[in-house]
S.K.: 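Take this structure first; my questions come after.
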Amino acid sequence: MRRAARRCARTLSSRVKAMQVVSAKQALSGQVPVGTEVTVRGWIRTRRDSKAGLSFLAVSDGSCFDALQVVAPGELANYASEVLKLTSGASVECSGTLVQSQGKGQSVEVQAKSVVVHGLVDDPETYPIQPKQHSLEFLREVAHLRPRTNTFGAVTRVRHCMAMAIHRFFHERGFVWVNTPIITASDAEGAGQMFRVSTLDLANLPRTPEGKIDFAKDFFGKEAFLTVSGQLNVEAYCLALSKVYTFGPTFRAENSNTTRHLAEFWMIEPEIAFADLAADAQLAEDFLKYVFTAVLQERQDDLKFFVERQDKAAITRLEALVGSSFERLDYGEAVKILEKSGQKFEFLPRWGQDLQTEHERYLTEKHVGRPVVVMNYPKDIKAFYMRQNDDGKTVAAMDVLAPGIGEIIGGSQREERLPLLDQRLRELKLDPAHYGWYRDLRRYGSVPHAGFGLGFERLVVYVCGLANIRDAIPYPRVPGAAAF
RNA sequence: UCCCUGAUAGCUCAGCUGGUAGAGCGGGUGACUGUUAAUCACCAUGUCCGUGGUUCGAGUCCACGUCAGGGAGCCA
């Protein structure tokens with residue numbers, strides 16, 4: 001019986017060997033020797049019929065930027081009945097020999113012995129994805145089909161490459177990935193408008209004797225929302241595991257209709273213990289360089305396409321950032337530089353005011369010409385948890401500004417001293433009772449710690465040279481639109 | 001939420017000072033000795049976003065609405 005099983009396995013493996021399923025990436029990168037019998041599966045990009053009575057099929061499977069060319073000879077039994085009916089978007093499974101290409105555009109191609117058609121395109125005339133340049137606005141309306149385009153295939157692969165690089169960066173440095181909650185009952189995060197989470201019957205709300213909505217009857221026994229940040233939660237894990245980070249979905253119910261905002265986006269928030277603002281800035285610099293280097297190394301094919309179609313500087317911008325050392329600049333100095341710049345700004349720079357995007361871009365693009373970390377902002381424009389500096393006016397906050405975009409990362413050293421944290425809560429009219437567990441972290445073995453946050457999609461936009469954040473996430477959620 | 005701009009064929013867009021619509025691509029048919037978003041010929045395409053209004057007549061002018069894009073604010 002064992003022998004029979006072995007024999008069976010051998011036949012199976014030899015059959016698999018005879019018809020090895022390969023990806024376009026494997027075939028085109030030279031991983032598969034010429035002469036190998038292969039099967040490729042994917043979707044037709046274009047069909048070109050030759051004068052010689054054969055057809056060229058560009059078959060894309062998403063494994064790399066390029067499609068694999070399959071040569072379908074006229075002798076195929078289903079040539080007239082099916083192959084000649086293939087249009088953009090049809091799905092096929094082609095088997096044949098991987099051969100050196102006789103044509104010019106590619107090194108290898110598949111000389112097909114069979115072309116199995118899985119699915120034709122129902123109505124080719126109305127199939128939205130045609131082999132031509134579509135506007136990104138139009139493609140947003142067909143978000144379920146846009147991954148079949150060059151642009152969204154490339155964005156999706158680059159996005160994946162970046163996500164993997166981010167996890168690898170932290171993992172290699174001993175960070176622990178902490179999954180902070182998506183549902184939160186704390187209504188005092190203060191980072192923005194929140195989406196309510198409730199199972200109450202909206203048409204028949206339970207009321208308290210005073211006539212207010214009785215959230216005690218709701219699922220969690222109190223009001224609940226979708227998270228706007230995992231930072232406060234991850235600080236608790238930081239003060240036990242020393243180096244931690246979050247990487248997960250985040251929600252903001254703000255009515256923002258811009259190219260930079262999503263209602264649902266992914267955020268990355270590292271947090272390090274026994275660390276000050278300088279260590280935080282260094283981590284941010286290392287982080288960006290690592291992620292950009294990974295994309296430059298792993299996704300040259302997709303980046304080249306962005307250079308062609310989206311942004312000529314897509315590659316040079318990344319290379320410049322990776323090769324530069326980030327300047328450190330005090331907020332006070334930055335304001336002085338702006339005041340003396342002689343530059344005409346829409347908003348005048350003034351100490352005590354937050355830097356406008358035009359100010360940030362002047363600093364990083366014109367004044368320094370490299371990425372800049374601006375540090376120590378006025379405390380009145382920053383959040384309650386940021387650590388107060390000895391001058392009594394500023395907090396240990398930082399923004400990383402990059403050429404071409406402005407702010408890309410925001411972070412701070414956190415206030416680890418309970419009396420000073422409570423003082424800030426009172427100044428900002430926040431109720432310390434709502435921050436019980438957060439205050440505990442300062443009561444039980446508090447240490448200096450710091451962290452930063454960044455929106456993943458904004459980083460994707462920057463890397464790909466995109467103009468609109470809605471193209472950096474598969475299914476964008478924005479005010480008034482949650483289709484698909 | 002505020003300001004600006006736009007909506008014409010499956011897609012990208014043209015359509016002047018009002019006279020009931022065109023081009024490229026895509027699709028169909030045919031031709032063509034390996035093509036590269038192939039080429040060539042022929043064919044078909046339309047609630048001109050919706051509702052009112054002005055006018056002899058509205059794709060074009062006006063009002064309202066809907067949707068989209070850009071900018072601002074908020075922010076990641």
Side-chain angles (χ1 to χ4, degrees), chain A residues 44-58 60 66-74 84-85 87-89 99-107 109 111 121-142 145 149-150 190-193 227-231 246 248-269 309 346-347 354 356-358 381-383 399-400 405-411 452-462 467-473 478-481 483:
Chain A
I44 300 289
R45 279 293 171 77
T46 59
R47 187 194 89 225
R48 293 181 295 273
D49 300 327
S50 143
K51 302 173 222 175
L54 63 156
S55 294
F56 298 93
L57 310 175
S60 164
D66 289 313
L68 181 60
Q69 174 157 286
V70 173
V71 183
L84 285 180
K85 292 204 172 79
T87 56
S88 295
V99 297
Q100 214 87 50
S101 178
Q102 296 172 38
K104 282 210 176 106
Q106 58 286 315
S107 55
E109 63 193 16
Q111 187 65 42
V121 167
D122 204 48
D123 178 9
E125 194 180 352
T126 57
Y127 179 64
I129 309 300
Q130 298 172 1
K132 58 167 284 189
Q133 194 160 4
H134 287 97
S135 69
L136 295 174
E137 291 84 0
F138 167 69
L139 291 172
R140 277 172 219 147
E141 293 166 19
V142 284
L145 298 172
T149 63
N150 282 330
Q193 291 278 98
T227 183
V228 292
S229 163
Q231 184 204 309
T246 72
T250 310
F251 307 87
R252 301 277 167 91
E254 246 118 39
N255 193 7
S256 307
N257 250 301
T258 79
T259 55
R260 302 177 306 282
H261 289 84
L262 292 165
E264 176 183 277
F265 62 99
W266 287 61
M267 192 149 66
I268 299 137
E269 298 161 298
R309 288 292 170 78
E346 194 184 334
F347 294 92
D354 212 351
Q356 300 284 321
T357 300
E358 55 178 345
I381 57 171
K382 290 294 181 183
D399 280 350
V400 180
I405 188 169
E407 182 193 333
I408 193 159
I409 285 181
F452 63 79
L454 76 155
F456 184 45
E457 285 74 17
R458 288 189 177 177
L459 203 60
V460 174
V461 162
Y462 186 67
N468 194 316
I469 200 164
R470 295 168 197 204
D471 302 322
I473 189 166
V478 294

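Just so it is clear, the structure is predicted and the values come from calculations on it, not from any experiment. In the text below, chain A, chain B and the rest are named by the order of the sequence lines, each starting its count at 1.
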S.K.: Counting distance only, does the side-chain N/O of A:H261 pair as donor-acceptor with the main-chain N or O of A:I469 below 3.5 Å?
M.R.: no
S.K.: Between A:R260 and B:G71, does any side-chain N or O lie under 4.0 Å from OP1 or OP2?
M.R.: no
S.K.: Can you see if the side chain of A:Q356 gets near the phosphate of B:G73 - specifically, an N or O under 4.0 Å from OP1 or OP2?
M.R.: yes
S.K.: Taking only the C1' atom of each, what is the distance from B:C25 to B:C3 in whole angstrom?
M.R.: 36 Å
S.K.: Applying a 4.0 Å non-hydrogen cut-off, can you work out what A:E457 is touching in the nucleic acid: base, sugar-phosphate, or nothing?
M.R.: nothing
S.K.: Report which part of the nucleic acid A:R45 touches: base, sugar-phosphate, or nothing (heavy-atom distance under 4.0 Å, all strands).
M.R.: nothing
S.K.: Check whether any side-chain nitrogen or oxygen of A:R48 sits under 4.0 Å from OP1 or OP2 of B:U35, and answer yes or no.
M.R.: no
S.K.: Check every atom of B:U45, B:C11, B:U36 against the side chain of A:E125 and return the nucleotide holding the closest atom.
M.R.: B:U45
S.K.: How far, in whole Å, is B:U17 from B:G28 if one measures between their C1' atoms?
M.R.: 41 Å
S.K.: Evaluate the side-chain proximity of A:T87 to A:I44: yes if any heavy-atom separation is below 4.5 Å, no if none is.
M.R.: no
S.K.: Please name the residue in the list A:Q133, A:R309, A:R45 that meets the side chain to side chain donor-acceptor pair (under 3.5 Å) test with A:N150.
M.R.: A:R45
S.K.: For nucleotides B:C61 and B:G24, find the distance between their P atoms and express it as a whole number of Å.
M.R.: 27 Å
S.K.: Base, sugar-phosphate or nothing for A:S88? Non-hydrogen atoms, less than 4.0 Å.
M.R.: nothing
S.K.: Roughly how many Å apart are B:G73 and B:U12, using the P atom of each and rounding to a whole number?
M.R.: 31 Å
S.K.: Between the base of B:U35 and the side chain of A:Q102, is there a donor and acceptor pair under 3.5 angstrom?
M.R.: no
S.K.: Please list, pair by pair, any protein nitrogen or oxygen found under 3.5 Å from a nitrogen or oxygen in nucleotides 64-67 of chain B.
M.R.:
none

S.K.: Given B:G34, is OP1 or OP2 found less than 4.0 Å from the side-chain N or O atoms of A:S50?
M.R.: yes
S.K.: With sugar-phosphate meaning primed atoms plus P, OP1 and OP2, does A:I409 contact a base, only sugar-phosphate, or nothing at under 4.0 Å between heavy atoms?
M.R.: nothing
S.K.: Expressed in whole Å, how much space separates the P atoms belonging to B:G70 and B:G65?
M.R.: 22 Å
S.K.: Scan A:F138 against the nucleic acid and name what it touches under 4.0 Å (heavy atoms): base, sugar-phosphate only, or nothing.
M.R.: sugar-phosphate
S.K.: Classify the side chain of A:E109 versus the base of B:G34 as yes if they form a donor-acceptor pair under 3.5 Å and no if they do not.
M.R.: yes
S.K.: Could you give me the stems involving RNA chain B, meaning stretches of three or more consecutive Watson-Crick or G-U wobble pairs whose two defining distances are both below 3.5 Å?
M.R.: B:1-7 with B:66-72, B:10-13 with B:22-25, B:27-31 with B:39-43, B:49-53 with B:61-65
S.K.: Taking 4.0 Å as the cut-off, does a side-chain nitrogen or oxygen of A:K51 come that near to OP1 or OP2 on B:G34?
M.R.: yes
S.K.: Pair A:T250, A:R252 - check side chain to side chain donor-acceptor pair (under 3.5 Å), show working.
M.R.: CA-CA 7 Å; A:T250 310; A:R252 301 277 167 91; over 6 Å; no
S.K.: Rounded to whole Å, how long is the line connecting atom NE2 of A:H261 with atom P of B:G70?
M.R.: 14 Å
S.K.: Pull out every protein N or O sitting under 3.5 Å from an N or O of nucleotides 1-5 of chain B, one pair per line with the distance.
M.R.:
from	atom 1	to	atom 2	distance (Å)
B:U1	OP1	A:N255	ND2	2.8
B:U1	O4	A:N255	O	3.4

S.K.: Looking at B:A37, I'd like to know if its phosphate oxygens (OP1 or OP2) sit under 4.0 Å from a side-chain N or O belonging to A:R47.
M.R.: no
S.K.: Using only modelled atom types and a 3.5 angstrom limit, is any donor from either the side chain of A:E137 or the base of B:G69 paired with an acceptor on the other?
M.R.: no
